[in-house]
Amino acid sequence: MQFSIKKVLPHFLVFVGFILLSLAYFSPVLKGKQIYQSDIKQYIGMSKQQTDFKASTGEDTYWTNSAFGGMPTYQLGAKYPHNYIKKLDLALRFLPRPADYLFLYFIGFYILLLVLKVDYKLAALGAMAFGFSTYLIIILGVGHNSKAHAIAYMPLVLSGIILTFRRNYIFGFLLTTVAMALQLVANHPQMTYYLMLLVLVLGIAYLVDAYNKKLLPHYFKSVGLLVIAVVLALGLNATSIMATKEYANESTRSKSELTINPDGSPKEASSGLTKEYITEYSYGFLESFNLYISRIVGGGNNEDVGEDSASYDFFIGQGVPALQAKEYVKQTPTYWGSQPIVEAPAYVGAVVIFLFVFGLFLVKGRLKWWLVGGTILSLLLSYGKNLGFLTDFFIDYVPLYNKFRAVSSIQVILELCIPVLAIFGLSRLFNHFEKDEEKLTALKYTVGITAGIAVLLLLSKSAFNFVGPNDGYFKQNYGQQFIDALRDDRKSLYTQDTLRTLVLVLLSAGTIFMFLKKKLSETLVIVAFAALILFDLVSVDRRYVNNDNFVSALQVKKPYQANKADLEILKDTTHFRVFDITDGTARASYFHNSLGGYHAAKLKRYNELFDFHIARNNMNVLNMLNTKYIIAEEEGEIFPFTNTDANGNAWFVEALEEVQTANQEIIALDSLNTSKKAVYLKSQNITANKEFRVDSLASITLKEYKPNYIKYESNNSNPGFVVFSEVYYGKGWNAYINGKLEDHYQVDYVLRGMEVPKGKNTIEFKFEPQVVQTGSSIALVSSILFGLILIGGLYFGIKKK
């Protein structure tokens, strides 16, 4: 194989172009600014303790005490030994955030289209159509970084799989392994799961094709290689995957032992999340059209409708100063679909959809059916509860589907499939597989369908009431006149964007028509579509993610400022917990060991305790969690209430009460004096006496406290049972008495308890998760194995060429 600068140069230029485009869209990063992402703000609050610990000790901690009473850091950015694929990922993300993710969108999709043998100019065009898809930009705006990260590597995984099916076994295997390993590094299991669904559709399309062409041996050989590649990719990420799996069994994503709700009503039986929670964000049928017409149901929950709006006129009419009215209308609730919160429409693009429909008429074979199958599957599943029979089937019978919520996010699959077929449609326009008459016929049908839908929606505008789910609330606060103005603005957006789509469709159709009439060259057509797609997508993207989203780097790195209550509490150098009832975010976790926090996968038992007792201010429970301070608000002033009854870090109890079920255990905490008595499940097999003599001289004192290590000293003239105010997690915390490993148990639903012999004793708790040690060993072996395969594969692959 000979190196050819002529072949490489175009790809190099495209590579540079993607870098420039990524930096141009997020240009404030060039001035040192950083994007303000609400979810990342929460993440910084949650991970502050482990970050500080790493900075001060150089060690990683896999446990934090700063949120929800304590939880593993596996889903809070934990770093593991021998995770070399992560180093490759960091090297690929060399641009400042979030330009790095946009660049990954571009380059991954570009490689996919090259693998599909699309000309590099069209591949670059397709990459822009994919990268600027509104949903992919919006998730960067709100800080769904791991989701964006996982989506960005999807095209690369598909590239490896397709290469393998195309008999390029060596490079297909190597690319699949690396891409899949990178995909897993992103640590967003939901996106990986959706990718798997798309791969299944791809596999079926190839299987049918292989059967028809009598190529089944090649098909199964490819599948075998791909399975090995995936296993190796799993091995490269062994620690993260094993830790996540272990944690998932203990988190809210697993089956509850409870059969009742906090109000005593029967609890819906589920092996994962409840159906109501899973389908809370379900796409509406009419909302489907916002893939094609961006604000068909009003855009986002808060949208700037500007001065030329009925809402602005309303505020002016109410005597609001012009400057103030201008600020008010920046937060106009224009969205009138049925989802609880929508930042922006998942707009794929009028031009891209037009080309997709065009491609439906010209593209033939397995590729088309794979892409159409993936598109339809993702659209149908995104309807969630609005297409209950299908969603219920997946929740009840398809493995792991019930582990994920926000079903509408499966639309990432169609957002990947549609641009691929759109570019293939354009590609077919330029080749000679079909006659010009066939292409012209395809164009007529495409215009009839796409423009016809837009015209039909324009004509049927009066059929819609433009009523949003929260309009009752707005009416109560602002009156009927505001609601009337709001609906006028929603109608206006509906009309504007439908006309916008219609114009873009006609311009797209005109471009193809001119080409077929030999009035435009192939290059000019590509340039015209590049301009149309960029205008179409970027102008919509900029409505929601633009320079206004950027702030100083300091503001991002230190997103919370201590209030009076925080400052007062921080004067206390002992170890305790804080319950902030004024704020349900990760703010308190940034400053204190908090009972609250912000995370989608909390420890299940703690979450249940929170719902049953903490949220109801059960002081017995707050005491057992060593809640020394409660941040409250009165007459607009935030202050720290000091709870002098908190049980402290650990205490001897006088009695143990055994119960048979989790229901009994959590209900027992209603009236349990947790400083005197502890309750436990029979399955804990505590063999100690149930009554203890605790004299006035018995003591247990905290000597050292780190996120992953706690040391106590006890002194008791009798054998006793100690309850610790720390959250129980049996998959990593080990307890030692005088250096000897001893059993400890789960008591009081979430806490640790253990028998302590009489006399003076040193008690230590160390977080030593076996899963990290085992996973790291597997990752190391997998890395060595893959390194050898990579060297051998490249040698033989290049030699073969």
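Please read these numbers as outputs of a predicted model, since none were measured by experiment.
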Test ring pair (Phe, Tyr, Trp, His ring centres under 6.0 Å), reference Phe109, set Phe130, Phe18, Phe103, output is Phe130
Is there side-chain contact between Ile789 and Leu174, with at least one heavy-atom pair below 4.5 Å? yes
Any chance the side chains of Lys147 and Tyr101 put a donor and an acceptor closer than 3.5 Å? no
Flag side-chain contact, heavy atom, 4.5 Å: Leu163 against Tyr169: no
Decide yes or no for Ile278 and Phe394: does some side-chain heavy atom of the first lie under 4.5 Å from some side-chain heavy atom of the second? no
Give the ring-plane orientation class for Tyr74 versus Tyr62, where under 30° counts as parallel, over 60° as perpendicular and anything between as tilted. tilted
Is it true that Asp396 and Lys275 have a side-chain N and a carboxylate O under 4.0 angstrom from each other? yes
is_close_aromatic(Tyr25, Phe132), centroid dist under 6.0 Å: yes
Shortest non-hydrogen separation from Val351 to Phe529 and the atoms involved: CG1-CD2, 3.7 Å
Can you say whether the rings of Tyr120 and His11 are parallel (under 30°), tilted (30 to 60°) or perpendicular (over 60°)? perpendicular
What are the two closest non-hydrogen atoms of Val348 and Leu537, and how far apart are they? O-CD2, 3.3 Å
A side-chain contact here means heavy atoms from C-beta on lying under 4.5 Å apart; do Tyr544 and Pro345 qualify? yes
Would you indicate whether Phe220, at its atom CZ, is surrounded by more than 12 heavy atoms from other residues, nucleotides or ligands within a distance under 6.0 Å? yes
Measure from NZ or CZ of Lys731 to the centre of the six-membered ring of Tyr247, then state whether that distance is under 6.0 Å and the direction lies within 45° of the axis. no
Nearest heavy-atom contact between Thr391 and Lys385 is OG1-N, 4.4 Å
Cut-off 3.5 Å, side chains only: do Tyr283 and Asn290 have a donor facing an acceptor? yes
Is any side-chain heavy atom of Thr164 less than 4.5 Å from a side-chain heavy atom of Val223? no
Pair Glu250 + Lys604: basic N to acidic O under 4.0 Å: no
More than 12 heavy atoms of other groups within 6.0 Å of Ile341 CD1: no
Steps toward side chain to side chain donor-acceptor pair (under 3.5 Å) verdict (Ser222, Tyr206): CA-CA 11 Å; Ser222 300; Tyr206 269 92; over 6 Å; no
If you measure only the distance, is there a donor-acceptor pair under 3.5 Å linking the side chains of Glu280 and Gln339? no
Aromatic ring proximity Tyr397/Phe393, centre distance under 6.0 Å: yes
For Tyr84 together with His82, are the ring centres under 6.0 Å from each other? yes
